[in-house]
Amino acid sequence: MISGGTSGLGLAAAQRFVAEGARVWIMGSREETLALAQAQVEVAGGCVGDIADAQYVTSAIARATAAVGRIDVAFASAGIDGEAKDALDLSPDHFRRVMDVNVLGAFLLAQACAREMAGGGAIVINASVNGLRAERNFCDYNASKAAAVMLAKTLALDLANRQIAVTAICAGYVPTRMTRGHLEDPSVAEEIRAQIPLGRFGTPEEIASLVSFLAHPEAAYMTGGAVTIDGGRSA
């Protein structure tokens with residue numbers, strides 16, 4: 001089960017899981033992006049709605065389980081960016097929306113999927129290195145990703161008795177639809193790249209590889225972890 005599965009890291013993870021033989025259900029926010037994703041990867045199905053809407057999430061889980069039989073893995077990848085403004089200029093409404101999508105949405109998906117996991121399974125939450133290390137002019141986004149990290153850690157404790165592993169991934173800059181506005185500006189991209197010891201951005205496929213590993217039983221003892229994958233930027 002992948003929220004935000006119609007683009008970016010979510011779509012890359014869907015492609016990886018399908019290649020490994022998994023039956024994948026993707027969730028998106030728009031019909032057109034869902035159709036494009038389904039044209040790129042042979043998923044078991046998909047649906048669109050607001051990830052912060054509990055009723056939609058519950059309905060999506062019911063449709064997915066009816067289609068594939070059971071849920072073993074959930075990747076809460078849906079997310080939106082902050083306004084990229086000074087904290088004094090941030091819109092309270094947008095701040096609330098960032099928290100709703102990046103935190104509440106991840107919680108709703110994890111909660112609904114965990115209820116369907118009879119025992120065992122894995123939940124991976126897409127956080128960010130911004131949840132561990134603040135970045136100027138991203139107060140709203142930073143706060144949401146810090147909350148996402150703590151959400152994963154707390155869920156790991158609450159779900160340990162069900163043998164459900166919960167981890168957070170803390171990725172650095174990866175070219176996706178959400179980061180395109182920053183990384184397509186040559187001067188901004190060069191400034192960011194200069195802060196990365198490896199001297200390059202990550203790829204969606206590298207993130208998908210990590211998600212795939214964390215989804216497997218071999219990674220179960222990492223439950224509660226927040227794994228960075230950022231080219232050394234947060235070292």
Novice: What about V149 and L151, same hydrophobic cluster or not, with Ile/Leu/Val/Met/Phe/Trp/Tyr joined at side-chain heavy-atom distances under 4.5 Å?
Specialist: no

Novice: Looking at every non-hydrogen atom in both residues, tell me the closest pair between Y56 and V48 and how far apart they are.
Specialist: CE1-O, 3.1 Å

Novice: Return the set of residues passing side-chain contact (heavy atoms from CB on, under 4.5 Å) with V101 (not counting sequence neighbours), or none when no residue passes.
Specialist: I51, I80, R97

Novice: Under a 4.5 Å cut-off applied to non-hydrogen side-chain atoms, are H94 and D140 in contact?
Specialist: yes

Novice: Is it the case that the side chain of D89 and the backbone of K85 share a donor-acceptor pair, with hydrogens and angles ignored and the cut-off at 3.5 Å?
Specialist: no

Novice: S91 and E83: side-chain donor and acceptor closer than 3.5 Å?
Specialist: no

Novice: Would the distance check show the side chain of R23 and the main-chain N or O of V68 forming a donor-acceptor pair, the cut-off being under 3.5 Å?
Specialist: yes

Novice: For a quick test of reading the model, state the closest non-hydrogen atom pair linking L214 to A122 and the distance between them.
Specialist: O-CB, 3.8 Å

Novice: Say whether V103 and V98 are linked into one hydrophobic cluster, either directly or through other cluster members, by side-chain heavy-atom distances under 4.5 angstrom.
Specialist: no

Novice: side-chain contact (heavy atoms from CB on, under 4.5 Å) between Q40 and L11: does it pass, once the steps are laid out?
Specialist: CA-CA 9 Å; Q40 295 178 60; L11 179 59; 3.8 Å; yes

Novice: Strictly below 4.0 Å, N to O, side chains only: are E191 and R136 in salt-bridge contact?
Specialist: no

Novice: Which heavy atom of S187 sits nearest a heavy atom of D185, and at what distance?
Specialist: OG-OD1, 2.8 Å

Novice: Considering all heavy atoms of both residues, which atom of I26 and which atom of A14 are nearest to each other, and what is their separation?
Specialist: CG2-CB, 3.9 Å

Novice: When you measure from the side chain of T223 to the backbone N and O of A220, does any donor-acceptor pair fall under 3.5 Å?
Specialist: no

Novice: Would a 4.5 Å heavy-atom cut-off, applied to side chains only, mark D50 and S29 as touching?
Specialist: no

Novice: Within the supplied structure, the quantity of interest is the number of heavy atoms (other residues, nucleotides, ligands) at a distance under 6.0 Å from E42 CD; does it exceed 12?
Specialist: no

Novice: Test M27 against every option in L34, L109, T6, I2 by the side-chain contact (heavy atoms from CB on, under 4.5 Å) rule and name the one that passes.
Specialist: L109

Novice: Please tell me if the side chains of F17 and V211 come closer than 4.5 Å, counting only heavy atoms from C-beta onward.
Specialist: yes

Novice: With distance as the sole test, does N142 use its side chain to make a donor-acceptor pair with the main-chain N or O of E135 at under 3.5 Å?
Specialist: yes

Novice: Tell me whether E116 contacts the main-chain N or O of C113 through its side chain, where contact means a donor paired with an acceptor under 3.5 Å.
Specialist: no

Novice: Under 3.5 Å, is there a donor-acceptor pair between the side chain of T33 and the main chain of R30?
Specialist: yes

Novice: If I compare all heavy atoms of I196 with all of R233, which pair ends up nearest, and what's the gap?
Specialist: CG1-CD, 4.0 Å

Novice: Will you find, in the side chains of R177 and S7, an N or O donor that is under 3.5 Å from an N or O acceptor?
Specialist: yes

Novice: Do I61 and W25 have side chains that approach each other closer than 4.5 Å (heavy atoms only, starting at C-beta)?
Specialist: no

Novice: Show your working on side-chain contact (heavy atoms from CB on, under 4.5 Å) between I207 and V174 and close with a plain yes or no.
Specialist: CA-CA 9 Å; I207 309 304; V174 178; 4.0 Å; yes

Novice: Do V188 and L183 sit in the same hydrophobic cluster, where Ile, Leu, Val, Met, Phe, Trp and Tyr count as joined when their side-chain heavy atoms come under 4.5 Å apart?
Specialist: yes

Novice: Would you say V18 and Q15 make side-chain contact, with heavy atoms under 4.5 Å?
Specialist: no

Novice: If you take all heavy atoms of A76 and S3, which pair is closest and at what distance?
Specialist: CA-OG, 3.4 Å

Novice: Just by distance, no angles: are the side chains of T228 and D230 close enough, under 3.5 Å, to form a donor-acceptor pair?
Specialist: no

Novice: S209 side chain to E205 main-chain N or O, any donor-acceptor pair under 3.5 Å?
Specialist: no

Novice: Find out whether R96 and M99 are in side-chain contact, i.e. whether some heavy atom of one side chain is under 4.5 Å from a heavy atom of the other.
Specialist: no

Novice: Would a distance-only check, ignoring hydrogens and angles, find a side-chain to backbone donor-acceptor pair under 3.5 Å from H216 to S212?
Specialist: yes

Novice: Walk me through whether F75 and M1 qualify under side-chain contact (heavy atoms from CB on, under 4.5 Å).
Specialist: CA-CA 6 Å; F75 179 33; M1 200 71 190; over 6 Å; no

Novice: Flag the pair L159 / I123 as yes when at least one side-chain heavy-atom distance between them is below 4.5 Å, and no otherwise.
Specialist: yes

Novice: Does Q55 offer a backbone N or O that forms a donor-acceptor pair with the side chain of S59 under 3.5 Å?
Specialist: no

